[in-house]
Asker: 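I'd like to ask you about the structure that follows.
Hydrogens, waters and symmetry mates are skipped; everything else that's a heavy atom, side chains included, is used. Residue numbers start from 1 in every chain, and the chains themselves are labelled A, B, ... in the order their sequence lines are given, proteins ahead of strands.
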Amino acid sequence: MVDLRELEKNFDEVSEKLTKKKIDIELLKLVKEKFAELKVQKSSVEELRAEQNKNSKLFPIYKKEKKDIGELKAILSQNKSDIILGNEKLKVLELELETIALGIPNLADESVPLGAGEDENIETKKVLEIPEFNFEPKNHWDLTENFIDFERGVKISKSRFSALVGNGAKLHRALINYFLDFNQAKGYQEIVVPYIVNRNSMQGTGQLPKFEDDLFKIEGEELFLIPTAEVPVTNFFADEILNADELPIKLTSYTSCFRKEAGSAGKDTRGMIRQHQFDKVEIVVFSKPDESFRILEEMSEMVSEMLTSLKLPHRLLTLCGGDLGFSSAKTIDLEVWLPGQNQYREVSSVSNMTDFQSRRAKIRYKDGKKNRLVHTLNGSSLAVGRTMVAIMENYQKADGSIEIPEVLKKYM
RNA sequence: CGGGAGAUGGCAGAGCGGUUGAAUGCACUGGUCUUGAAAACCAGCGAGGGUAACACCUCCGGGGGUUCGAAUCCCCCUCUCCCGGCCA
């Protein structure tokens with residue numbers, strides 16, 4: 001949720017940051033108008049209420065003095081119906097405003113480059129050389145070693161599901177443990193959270209109301225499968241007021257993730273790059289506002305370090321405004337090199353959501369006497385399936401076998 | 001899934017129609033005392049909106065209703081706890 005008071009006060013500035021993310025300026029003007037209208041209506045109802053409260057307090061006094069109550073009662077009855085009327089208008093306005101406001105994305109930070117889509121993201125860093133093969137490297141789905149069983153995954157569920165077998169299953173588990181240990185060593189506390197969450201949590205992190213089509217919903221219940229651990233982990237502190245001296249709070253959590261991939265028909269239909277169910281180790285940070293952008297850099301460096309430790313060539317990209325996610329103010333993607341596909345593919349996306357999620361989820365901290373909204377950040381550290389694909393393609397041998405990265409050997 | 005109890009500030013826990021946004025205790029913050037600490041004593045201490053600051057408005061799980069007035073009465077929902085059934 002954007003800060004409506006900020007929008008009202010500094011309309012030009014805010015709308016500029018928003019148009020970076022391709023937002024219709026007419027919509028913003030409408031929000032501003034509605035907000036102003038709401039304020040007027042609200043104060044008029046409040047005045048009526050103040051009147052009602054004040055006069056109601058006269059009743060016990062009148063009674064004590066044995067004065068006539070009839071006239072006072074008549075006045076208040078009238079006033080009451082005015083309140084009800086005004087309140088109805090107010091509720092309509094509030095609902096209208098909320099409906100629009102919840103659909104407005106977070107503001108892009110100044111440092112975010114302009115651009116319409118992924119082609120205009122800025123590459124900031126390349127780590128490790130792209131390896132040379134003395135044979136034609138294969139796609140992970142063409143590798144002969146028995147790692148992934150695509151057919152049986154589809155048989156027992158449907159397309160975009162797969163099963164892991166043999167060393168694939170083992171490597172998958174090794175990666176999870178390696179990631180979690182790595183994150184913990186960097187000061188992230190591990191937590192285990194629900195995979196099914198309520199509507200309120202989904203709204204808190206920004207998946208709802210706008211992206212309901214992307215989520216698996218439990219039939220007959222207002223519950224959803226999580227598309228990322230970001231949802232339960234960020235909402236861990238929803239409605240809470242944290243102590244300033246315990247910030248930043250750094251959490252890491254391993255979960256399965258479930259996505260409908262509604263908009264990706266025909267994309268990545270082969271292999272396990274884009275599945276309805278995948279596993280991910282996530283990192284989430286709750287910070288004071290003035291340190292969140294520094295922490296964003298730290299987080300992306302940490303993920304890069306992890307990829308380096310696996311000897312996987314990768315690059316860092318700063319997403320341009322047009323490619324930025326709904327809740328994010330700034331995002332750094334990490335893409336790993338896939339020799340079989342001859343291209344870089346995303347394995348991690350680290351974002352600073354600033355106060356966008358904390359305003360929705362009411363996550364605050366005590367700053368002296370005042371309560372302020374924290375900044376929330378999150379990132380994959382790392383996507384398990386895609387990292388496994390990267391290992392398969394980068395560590396493949398001419399005979400089709402796959403070597404195990406040095407740092408993972410003790411986990412296998 | 002069946003039977004019972006309940007949901008009040010960071011926690012514990014009063015209040016059950018009228019100066020109650022809420023007693024009391026603990027925790028917390030500041031002060032006095034002390035070489036320092038503890039103890040004791042004094043003071044402060046819920047959230048959101050509004051304002052230059054006050055005033056003022058809203059909030060006692062959520063939603064609706066009765067009333068001039070509701071934390072207190074009525075209805076619906078959700079959640080929690082205890083007992084039983086089922087179960088990793």
Asker: Take atom NZ of K366(A) and atom P of A27(B), then tell me their distance rounded to the nearest Å.
Answerer: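 Taking NZ of K366(A) and P of A27(B), I get 19 Å after rounding.
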
Asker: Return the nucleotide paired to G9(B): Watson-Crick means purine N1 to pyrimidine N3 with N6-O4 or O6-N4, wobble means G-U with N1-O2 and O6-N3, both under 3.5 Å.
Answerer: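 WC or wobble partner does not exist here.
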
Asker: Mark up nucleotides 59-81 of chain B, 5' to 3', with B wherever a protein heavy atom is under 4.0 angstrom from a base atom, S wherever such an atom reaches only the sugar-phosphate, and - elsewhere.
Answerer: -----S--BBS------------

Asker: How do A50(A) and R5(A) order along RNA chain B: which one's closest nucleotide is nearer the 5' end?
Answerer: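 Its nearest nucleotide lies further toward 5', so the answer is R5(A).
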
Asker: Has N198(A) got a side-chain atom pairing as donor or acceptor with N200(A)'s backbone, closer than 3.5 angstrom?
Answerer: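 Yes, because the side chain of N198(A) sits within donor-acceptor range (under 3.5 Å) of the backbone of N200(A).
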
Asker: For the backbone of L312(A) and the side chain of N394(A), can you confirm whether one donor and one acceptor N or O come within less than 3.5 Å of each other?
Answerer: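 Between the backbone of L312(A) and the side chain of N394(A) there is no qualifying donor-acceptor contact (under 3.5 Å).
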
Asker: Could you label the plane-to-plane angle of the F258(A) and Y195(A) rings as parallel, tilted or perpendicular, counting under 30° as parallel and over 60° as perpendicular?
Answerer: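 Ring orientation of F258(A) relative to Y195(A): tilted.
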
Asker: Using whole Å, what does the distance between atom C1' of nucleotide U58(B) and atom CG of L90(A) come to?
Answerer: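 Computing the L90(A):CG to U58(B):C1' distance gives 11 Å.
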
Asker: Pairing check on G21(B): which nucleotide meets the Watson-Crick or G-U wobble criteria with it, both distances under 3.5 Å?
Answerer: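 The answer is none; no pair meets the criterion.
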
Asker: Thinking salt bridges, do E261(A) and R160(A) make one under a 4.0 Å N-O criterion?
Answerer: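 The answer is no: the pair does not qualify as a salt bridge.
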
Asker: Could you identify the nucleotide paired to G2(B), looking across every strand shown and requiring Watson-Crick or G-U wobble geometry with both distances under 3.5 Å?
Answerer: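 When the pairing criteria are applied, C83(B) turns out to be the nucleotide that pairs with G2(B).
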
Asker: Do the side chain of E393(A) and the main chain of G340(A) share a donor and acceptor less than 3.5 angstrom apart?
Answerer: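 Yes; judged by distance alone, with no hydrogens or angles, the pair exists.
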
Asker: P atom, A23(B) versus G44(B): distance in rounded Å?
Answerer: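 Here A23(B) and G44(B) have their P atoms 13 Å from each other.
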
Asker: What's the closest nucleotide to the side chain of R364(A) if the choices are C57(B), G18(B), G48(B)?
Answerer: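 Nearest nucleotide to the side chain: G48(B).
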
Asker: Identify the nucleotide, in any strand shown, that forms a Watson-Crick or G-U wobble pair with A55(B), with both distances under 3.5 Å; if there is none, say none.
Answerer: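 Because no pair has both required distances under 3.5 Å, A55(B) counts as unpaired.
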
Asker: Distance check, C1' atoms only: U24(B) and G9(B), in whole angstrom units.
Answerer: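 That atom pair is separated by 13 Å.
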
Asker: Only pairs with both distances under 3.5 Å count, Watson-Crick or wobble alike; so what is the partner of A88(B) in this structure?
Answerer: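 When the pairing criteria are applied, nothing turns out to pair with A88(B), so the answer is none.
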
Asker: Expressed as a whole number of angstroms, how long is the span from I241(A):CD1 to G9(B):C1'?
Answerer: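 Going from I241(A) (CD1) to G9(B) (C1'), I get 10 Å.
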
Asker: Using the C1' atoms only, state how far G46(B) lies from G10(B), rounded to an integer number of Å.
Answerer: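 So the two C1' atoms sit 9 Å from each other.
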
Asker: With a 4.0 Å cut-off, would you call R294(A) and E298(A) a salt bridge?
Answerer: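 Looking at R294(A) and E298(A), the cut-off is met.
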
Asker: In this structure, how many angstroms lie between the C1' atom of C57(B) and the CG atom of N87(A), rounded?
Answerer: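 To the nearest whole Å, that distance equals 11 Å.
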
Asker: I'd like the P distance from G6(B) over to C75(B), given in whole Å.
Answerer: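 Roughly 14 Å separates the two P atoms.
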
Asker: Figure out the CD1/C1' separation between I363(A) and A47(B), and round it to whole Å.
Answerer: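 Between C1' of A47(B) and CD1 of I363(A): 16 Å.
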
Asker: What interatomic distance, in whole Å, is found between P of G62(B) and the corresponding atom of C79(B)?
Answerer: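 The answer is 15 Å between these two P atoms.
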
Asker: Roughly, in whole Å, what's the span from CD in E94(A) to P in G49(B)?
Answerer: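 One finds 13 Å between P of G49(B) and CD of E94(A), rounded.
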
Asker: With a 3.5 angstrom cut-off on both distances, give the Watson-Crick or G-U wobble partner of G61(B), or none if there isn't one.
Answerer: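 G61(B) is paired, partner C77(B).
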
Asker: Measure from the side-chain heavy atoms of K42(A) and tell me the nearest of C57(B), G18(B), G49(B).
Answerer: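 It is G49(B).
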
Asker: Can you check the E51(A) CD to A55(B) C1' distance for me, whole Å?
Answerer: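 Nearest whole value for this atom pair: 14 Å.
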
Asker: Determine the Euclidean distance between corresponding C1' atoms of C1(B) and A71(B); express it in Å to zero decimal places.
Answerer: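 A71(B) and C1(B) have their C1' atoms separated by 33 Å.
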
Asker: Taking atom C1' in both G69(B) and U51(B), compute the distance separating them and give it to the nearest angstrom.
Answerer: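 So the two C1' atoms sit 27 Å from each other.
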
Asker: How long is the line joining CZ of F237(A) and C1' of G10(B), in whole Å?
Answerer: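 Roughly 14 Å, once rounded to whole Å.
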
Asker: Side chain of N378(A), backbone of V284(A): donor and acceptor closer than 3.5 Å?
Answerer: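 Not at all, since once roles are kept as given, no pair shorter than 3.5 Å links the two residues.
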
Asker: If pairing requires Watson-Crick or G-U wobble contacts with both distances under 3.5 Å, which nucleotide is the partner of A27(B)?
Answerer: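 Checking every strand shown, A27(B) finds no partner, since no pair has both distances under 3.5 Å.
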
Asker: If I pick the P atom on A12(B) and the same atom on A7(B), what distance separates them, to the nearest angstrom?
Answerer: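 Between the two P atoms, the distance is 12 Å.
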
Asker: What I want to find out is whether E301(A) reaches K125(A) closely enough, with some N-O distance under 4.0 Å, to be called a salt bridge.
Answerer: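 Between K125(A) and E301(A) there is a salt bridge, with a charged N closer than 4.0 Å to a carboxylate O.
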
Asker: For S328(A) and G325(A), indicate whether the former's side chain and the latter's backbone hold a donor-acceptor pair under 3.5 Å.
Answerer: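 Flag not set: sc S328(A) to bb G325(A) has no pair under 3.5 Å.
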
